[in-house]
Structure formats: structure tokens, C-alpha cells
Protein chains: 2
Amino acid sequence: MNDQPGTSRGRSEPTTWVDVDPSKDYTRPPPLSRARVVRAALCLVDEKGLPALTMRALATELEVSPMALYNHVRDKDELVDLMVDLMLGEVDISATEGDWLTQLRVLVRSFHQALAAHHHLARVYSGRVRIGPHGLLLIERTIGLLLEGGFLPAEASDVFFALFTYAAGFQQMGRIAPLREGRPGEETEYYPLLPPERIPAITAVSPHLDGVRRPGRFDYGLELLLAGVQAKLAQAKEAPASHRESGHHA
Amino acid sequence: MNDQPGTSRGRSEPTTWVDVDPSKDYTRPPPLSRARVVRAALCLVDEKGLPALTMRALATELEVSPMALYNHVRDKDELVDLMVDLMLGEVDISATEGDWLTQLRVLVRSFHQALAAHHHLARVYSGRVRIGPHGLLLIERTIGLLLEGGFLPAEASDVFFALFTYAAGFQQMGRIAPLREGRPGEETEYYPLLPPERIPAITAVSPHLDGVRRPGRFDYGLELLLAGVQAKLAQAKEAPASHRESGHHA
DNA sequence: ACCTGAACACCGTTCAAGT
DNA sequence: ACCTGAACACCGTTCAAGT
């Protein structure tokens with residue numbers, strides 16, 4: 001993030017007598033490994049976005065032939081899976097302060113932060129991706145907390161799903177721009193804009209809609225869900241054995 | 001959905017004397033238009049998935065040169081935007097039975113169903129996509145219901161965001177496979193699988209985790225959110241003017 | 001105005017070859 | 001075991017040309 005791993009760059013070559021130029025990399029970080037490939041790929045995507053992730057581009061970043069990558073990674077799909085798991089490794093699943101609900105809140109927030117820190121990659125976090133060890137531990141911890149909270153297995157997995165679905169989806173909807181930003185010069189009848197009288201509610205609310213991910217927005221929805229979770233749990237305790245009952249709606 | 005708008009299909013054209021060969025297209029359905037291009041693209045993605053959407057493939061589907069498409073669509077990005085808006089046009093935003101909350105529930109469910117019906121495309125529904133007229137009307141209706149329900153603008157947009165974030169994210173997390181399906185033949189140490197004793201909660205819950213989108217799962221999370229919405233609204237009515245208060249958490 | 005064919009600058013990946 | 005260069009079968013898109 002802080003140093004650009006640019007285009008042309010020196011190699012090891014211990015020429016003892018030359019002055020050291022701090023603008024150069026000297027030691028090439030070991031020979032190239034699966035881990036280094038994945039880390040470099042994640043870095044590249046964080047900096048330049050997902051479309052910039054190209055086997056060829058990644059190879060030049062690592063100062064290596066494109067085909068060298070295939071010694072450490074089956075193909076691009078596997079590479080992306082590994083990147084996702086690397087990202088999920090950043091989620092803090094070890095907090096143990098407070099009761100299960102506050103631990104759960106901390107966990108989901110940490111998940112959200114990891115996704116936000118790699119939002120370009122987060123766009124891909126989906127069914128396409130196989131769950132790696134970090135992902136597995138993350139799920140394990142979450143389900144564990146829910147069981148501890150008193151949920152039965154069926155409902156625990158429903159709740160897990162709702163929480164992570166929300167957090168993952170948040171990255172996707174993120175940069176919604178409800179109105180075409182219409183610099184009026186830009187040949188901009190891309191869409192025939194709707195007349196404002198047809199969208200009164202949006203115009204009434206628009207200063208709050210914007211904010212492109214205004215602070216606290218994620219937490220607001222999370223609290224909505226957690227309030228629902230507590231309500232479900234309370235109502236399950238009233239009618240203990242009939243947890244079928246708690247699944248209905250409308 | 002029920003009829004495949006496939007490759008070869010007869011049309012009107014009363015060719016009175018020749019035998020009709022049903023394996024041939026006779027009349028090219030009108031000359032080719034923006035709408036037809038977009039519809040065909042959505043069809044193609046629904047049938048064969050997003051990676052199958054290729055300007056070239058779409059062109060052959062329409063029996064036209066690849067370059068012909070560019071007369072009706074600026075580029076592939078615009079095409080995708082138009083496809084998304086076409087999908088959003090399927091959302092029913094006109095239901096008016098019941099109070100605002102049940103109308104809201106119906107609306108979000110309809111949104112979810114539209115996404116599910118085009119789940120390949122739904123994976124792309126994100127910040128990258130500009131909101132078209134259908135998307136705008138969908139948002140308009142939702143915010144309108146929330147305002148009707150008594151939310152102030154700031155909170156209304158938070159709630160809107162939470163609901164649609166959840167529904168959109170649901171498509172993404174959908175096909176989670178928490179364990180590598182490990183046909184043990186398949187050179188499958190893709191990931192070093194975690195020993196089962198490290199994931200006790202998952203194994204306890206696993207029959208319920210699976211189900212790959214078991215029925216009612218979406219609704220469960222939606223009810224969680226709506227319960228939270230009602231709680232927020234109730235607590236806002238207790239302390240009327242201080243809606244700042246209702247934004248805090250933890 | 002709409003469509004075409006050839007061409008350009010890219011992709012991911014296979015393959016035979018080097019060390 | 002690891003890396004390389006050339007090559008293949010694709011992409012999206014530009015361009016000059018046709019009607």
C-alpha cells in the first residue's frame with residue numbers, strides 16, 4: 001500500500017562497493033511461493049481494482065514470467081479463492097469480552113471491516129468462492145456464539161446466514177448513485193431521467209441517501225438485525241419446544 | 001422462463017405456398033433494437049451464466065455481426081446496466097394492500113424474487129451499476145413507504161439501505177459450500193481441511209447450513225430486519241424530537 | 001442510419017523446452 | 001522442481017468500408 005512495487009527495479013546482486021540507492025529493492029523476497037503470489041495478487045486488486053488482476057500483470061509485478069505463477073496456483077479461479085481466504089484471515093474471531101451477543105456484534109463488524117478494507121475483492125465474495133480454512137473458522141465462531149445464545153441448530157444457521165448476507169451485500173450496494181450525476185455537458189441521456197415529481201420521496205430524502213456509505217450506516221442495519229435476533233430468542237423462550245412456530249411470518 | 005427464446009423459431013409471415021421448415025427462422029424479428037439487444041443479453045445470461053455474456057456470443061445469438069451491437073449500445077458496461085434495469089422492471093412496486101409495513105415486506109420480497117430469477121445477473125448488481133428508471137422507481141416506492149411509516153429522512157434511508165443490502169447480498173452468499181466437497185480421488189488438498197474437532201459448531205449445525213438456500217431462509221432474515229424496524233419506530237415515538245438518539249448503538 | 005470484415009491490443013492457458 | 005518463450009483460442013473495441 002505504501003510503496004509502489006513499480007515497473008523497473010534492481011535485483012539482489014551484492015555489488016559491495018556501490019552506494020545504496022534507497023529507491024531500489026535489493027533482496028527479492030525469497031524465490032516465489034504460493035503465499036507470495038496470493039499476497040501480491042491481493043495487493044494488486046486493492047490498489048488497482050479487480051479488472052486489473054491479470055495473470056500477466058501479476059507476473060510482471062512479481063518480476064517473473066506469466067507461466068511461473070502456474071507452478072503455485074492451479075488457475076485464476078483458485079487464485080481468487082485463496083485471496084478471499086487471505087482476506088477472511090484478517091477477521092478477528094477471538095474476542096471474548098461481554099456476552100455472546102456483544103461478541104457476535106464485534107465479530108460481524110470485524111467481518112465487515114475486512115470486506116471494506118478489500119472492497120474490490122469483496123465484490124467477488126460469493127457462492128463462486130470455495131470456503132477456505134479462515135472462512136470455516138469464521139463460520140464456526142459465529143455459529144458457536146449463536147448456539148451459546150440458545151438458538152437451536154436450524155435457527156442458528158438462519159441467523160448466521162442473515163448476518164453474513166447483510167454484511168457481504170453491504171459492499172455491493174455500497175456505491176449506489178441513485179441519480180445519474182449528470183454533468184450536463186456529457187451527452188448524458190444515457191437514461192431518460194425521471195422528472196422529479198415522479199420521485200418525491202427520493203428527493204425529500206436525497207441528502208441522506210447520498211453520503212456514499214455514510215458512517216454508521218452499516219451499524220444501523222446490524223442493530224436492526226440484532227434487535228430481531230433478540231426478539232426471536234425471547235419469543236422462543238416463551239414457547240420452548242415449538243421452535244417450528246418461530247419460523248413463520250406474515 | 002417457461003419458453004426458451006432460443007435459437008430457431010418460426011414467426012408470423014404467412015408464406016402461403018411454400019412448405020414451412022420449422023428449423024429455420026424466416027422473419028428476423030424486427031430489425032434489431034436496443035430493447036431487443038438487452039432482452040437477448042438477459043436471456044443469454046439467465047441460461048448460460050455471466051461469463052457466457054460475450055459481445056460475440058450475443059451477436060451470433062441475434063444472428064448479426066458483433067459490431068452491429070455497438071449501434072444500439074455504447075459498450076458492454078452500458079449493456080449490463082441496461083440488463084439490470086430490465087430486471088428491476090420485474091419488481092412489483094404497485095401493491096397497496098395492508099399497512100405500510102406489509103407493503104414494504106411485499107416489495108422487498110418481490111425485489112428478492114427478481115434477483116433470484118436472474119441470479120447470474122444479480123451477482124453484478126452493485127455499485128458499479130448506474131441506477132436506471134426502474135431502479136429509481138423501486139427506491140422511490142420504498143422510501144415513500146418508510147416516510148409514510150413515520151421515519152424521518154435520515155433514518156428512512158438507513159432502513160432502505162439495510163433492506164436492499166440484505167436482499168442483494170442474499171444472492172451472493174447463496175451457494176456457500178462450507179466444506180470442500182472432497183471427492184477423495186480428485187487430488188483434493190486444495191485446502192488443508194480443518195479437522196472436525198476444530199469446527200464443532202459447524203458440524204453440529206451442518207444439516208441445516210447446507211440446504212443451499214433452503215426455503216424460507218430469505219424471509220427469516222427479512223423478518224429479523226422488520227422486527228428491528230418496528231422496534232426502532234416504537235422507540236422513536238417514545239422520544240419524539242430527539243431522533244439523533246435513535247442512531248446510536250452498542 | 002445501420003451493418004460488415006479485418007485488424008489491434010489484449011486475455012487465460014497449453015505445450016515443448018530449458019535448468 | 002521450477003521457470004521460460006512461443007503459440008492457441010479467445011476477448012472488447014476501433015476503423016474503414018459498404019448499403
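Every chain is numbered from 1, with letters handed out A, B, ... down the list of sequences.
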**Message:** Can you confirm whether or not the ring centre of B:Tyr166 sits under 6.0 Å from the ring centre of B:Phe218?
**Reply:**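 Between B:Tyr166 and B:Phe218, the centre distance is under 6.0 Å.
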
Residues in side chain to side chain donor-acceptor pair (under 3.5 Å) with [X], at least two apart?
X        : answer
A:Ser33  : none
B:His134 : B:Asp85
A:Gln113 : none
B:Asp92  : B:Ser94

**Request:** Compare side-chain N and O positions of B:His72 against OP1 and OP2 of C:dC3 and report whether any pair is under 4.0 Å apart.
**Result:**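 For B:His72, the contact criterion (side-chain N or O under 4.0 Å from OP1 or OP2 of C:dC3) is met.
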
**Whole angstrom value for the distance that separates P of D:dC2 from CG of A:Leu69** =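 Atom CG in A:Leu69 sits about 14 Å away from atom P in D:dC2.
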
**Request:** Would you mind reading off the distance between B:Asn71 atom CG and C:dC2 atom C1', rounded to a whole angstrom?
**Result:**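 Going from B:Asn71 (CG) to C:dC2 (C1'), I get 5 Å.
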
**Request:** Only stems of 3 or more consecutive Watson-Crick or G-U pairs count here, both distances under 3.5 Å; name the ones for DNA chain D, or none.
**Result:**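 Paired runs of 3+ in DNA chain D: C:4-8 with D:12-16, C:12-16 with D:4-8.
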
Residues 136-143 of chain B, side-chain donor-acceptor partners within the protein, below 3.5 Å, at least two apart:
residue, atom, partner, partner atom, Å
B:Glu140, OE1, A:Ala201, N, 3.1
B:Glu140, OE1, A:Ile202, N, 2.8
B:Glu140, OE2, A:Ala201, N, 2.8
B:Arg141, NE, B:Ile93, O, 2.6
B:Arg141, NH2, B:Ala95, O, 2.3
B:Arg141, NH2, B:Gln103, OE1, 2.8
B:Thr142, OG1, B:Leu138, O, 2.8

**Message:** Can you build the contact string for nucleotides 5-19 of chain C? Use B for base contact, S for sugar-phosphate-only contact, and - for no protein heavy atom under 4.0 Å.
**Reply:** B-B---BBBB-----

**Message:** So, using side chain to side chain contact (heavy atoms under 4.5 Å, CB included) as the criterion, who are the partners of B:Leu86 when residues are at least two apart?
**Reply:**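 Partners of B:Leu86 under the side chain to side chain contact (heavy atoms under 4.5 Å, CB included) test: B:Val38, B:Arg39, B:Leu42.
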
**Message:** For B:His120, give me all partners under side chain to side chain contact (heavy atoms under 4.5 Å, CB included), at least two apart in sequence or on another chain.
**Reply:**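 By the side chain to side chain contact (heavy atoms under 4.5 Å, CB included) rule, B:His120 matches B:Val45.
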
